[in-house]
Amino acid sequence: MTPPGFKYGYLQPLFADIERLRGEGAYRQLPAPQPSSSLATDDAPLGQYAASTLIRNSFTAAVAHADALRRIVLHGEVDPSSPWTLMRGALENLATATWLLGGNDRAERRQRTLRLWREDMRNRAQHEKDTNHVPTAGGKTGRERVQDIDDLASSLGIQGRLAKPEAGKLIAEAADGIGLQSRQVSAAWRAASGFAHGRYWPNLRASMLRDAVPGGPDHVLMALVIDESEHRPLTQHTHAFLKHVQNRYTMRATAH
């Protein structure tokens, strides 16, 4: 499955950091923010809708995606699409954590947090509707929680509707916030999303052609393998986000 001559040295710096986050039966999570830390102060009026909860969850999800790719490479099962899809999952989650840790001030960070929580609970409400699920023991539905979040935002003086965070804009803002070239990051992410959604164009733009044979009068069958030179930037951007989140979270979650 792995293409002959596949050189995965560009993946090793990221994989080395991911391996250090592997624990006994679970990945090592970011610690809860210490009382009186900057992040704990952000969280204080948000109750169960804390920024730290989303940041820590996004970080763990990113590590799991990157580690899945590490194991695929280790076992020699590198196909043309999975490395893009898995690295996309890692990058999106780390960019989300970066975005939540950023912002110009505390008010903006709280607004970002509630925007993401609102979308989270809106998705939950959709799932409850699709599955006819009703929370037990007096638990609130996703729709009720969406309203709670809207009410909380109003009580904090956050004006206007809590707009859904768009992945592309979020990633660009996160990239700009840590000094990356947002167009380059967005281009790598867009190719990865194309692979994840089974689009045709990234096969031509970001894969390497190994062979092509006529498949009929009007089409050609192509044998494609991963193009390391195209996948490398996505990996490097993901690693940059990983390091930033680790450093920034430690700074903001530690009491001074």
Side-chain angles (χ1 to χ4, degrees), residues 26-27 29-65 88-174 177 193 241 244-246 248-255:
Y27 298 110
Q29 297 186 2
L30 295 172
Q34 297 175 3
S36 77
S37 66
S38 173
L39 186 53
T41 303
D42 279 2
D43 284 348
L46 302 180
Q48 63 184 308
Y49 301 114
S52 57
T53 301
L54 293 175
I55 294 165
R56 297 168 74 197
N57 192 67
S58 291
F59 182 82
T60 302
V63 171
H65 279 80
R88 174 214 186 201
L91 183 140
E92 284 191 4
N93 276 291
L94 290 169
T96 297
T98 297
W99 185 73
L100 291 169
L101 286 163
N104 295 318
D105 52 34
R106 184 155 282 132
E108 183 176 2
R109 290 194 296 271
R110 287 173 177 166
Q111 183 187 51
R112 288 182 176 186
T113 298
L114 293 181
R115 285 174 63 190
L116 194 57
W117 269 117
R118 190 184 195 280
E119 180 61 12
D120 191 296
M121 291 299 115
R122 188 185 71 82
N123 292 157
R124 171 177 169 167
Q126 291 176 318
H127 184 266
E128 289 171 346
K129 181 179 179 181
D130 291 341
T131 59
N132 296 316
H133 174 77
V134 178
T136 59
K140 291 185 177 182
T141 65
R143 180 176 294 183
E144 290 171 329
R145 292 177 184 276
V146 166
Q147 185 60 57
D148 285 348
I149 293 167
D150 287 341
D151 293 342
L152 176 57
S154 179
S155 73
L156 294 174
I158 297 174
Q159 303 298 317
R161 181 176 175 273
L162 294 172
K164 170 185 175 180
E166 297 181 19
K169 291 182 179 180
L170 184 157
I171 290 168
E173 289 179 7
S193 294
F241 277 129
H244 175 81
V245 171
Q246 289 176 305
R248 184 66 174 168
Y249 185 90
T250 298
M251 182 185 304
R252 297 208 52 240
T254 303

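Any value given below was found using the heavy atoms of this structure, including those in side chains, with hydrogens, waters and symmetry copies removed.
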- CA sep, side-chain torsions, deciding dist, call: Y49, R145, side chain to side chain contact (heavy atoms under 4.5 Å, CB included): CA-CA 10 Å; Y49 301 114; R145 292 177 184 276; 3.5 Å; yes
- Message: Can you tell whether the side chains of R252 and D42 come within less than 4.0 Å, N to carboxylate O?
- Response: yes
- Item | E128 with R124: basic N within carboxylate O range, under 4.0 Å | yes
- Pair D130-Q126, side-chain donor/acceptor within less than 3.5 Å: no
- Message: With a 4.0 Å cut-off on N to O distance, would you call K169 and E173 a salt bridge?
- Response: no
- Message: Quick one, R115 with R110, criterion side chain to side chain contact (heavy atoms under 4.5 Å, CB included). Give me CA distance, side-chain angles, the key distance, then yes/no.
- Response: CA-CA 9 Å; R115 285 174 63 190; R110 287 173 177 166; over 6 Å; no
- Task: Could you verify whether a donor N or O on one side chain and an acceptor N or O on the other, from S193 and R88, lie under 3.5 Å apart?
- Result: yes
- Message: Between E119 (side chain only) and L116 (backbone N and O only), is there a donor and an acceptor less than 3.5 Å apart?
- Response: no
- Query: Given L100 and R109, is the side chain to side chain contact (heavy atoms under 4.5 Å, CB included) satisfied, shown in steps?
  - Reply: CA-CA 6 Å; L100 291 169; R109 290 194 296 271; over 6 Å; no
- Query: Within the side chain of S154, is there an N or O that forms a donor-acceptor pair under 3.5 Å with the backbone of D151?
  - Reply: no
- Query: Hey, mind stepping through F59 and Q29 against side chain to side chain contact (heavy atoms under 4.5 Å, CB included) and telling me if it holds?
  - Reply: CA-CA 8 Å; F59 182 82; Q29 297 186 2; over 6 Å; no
- Among side-chain atoms of Q111 and R106, is any donor-acceptor pair under 3.5 angstrom? no
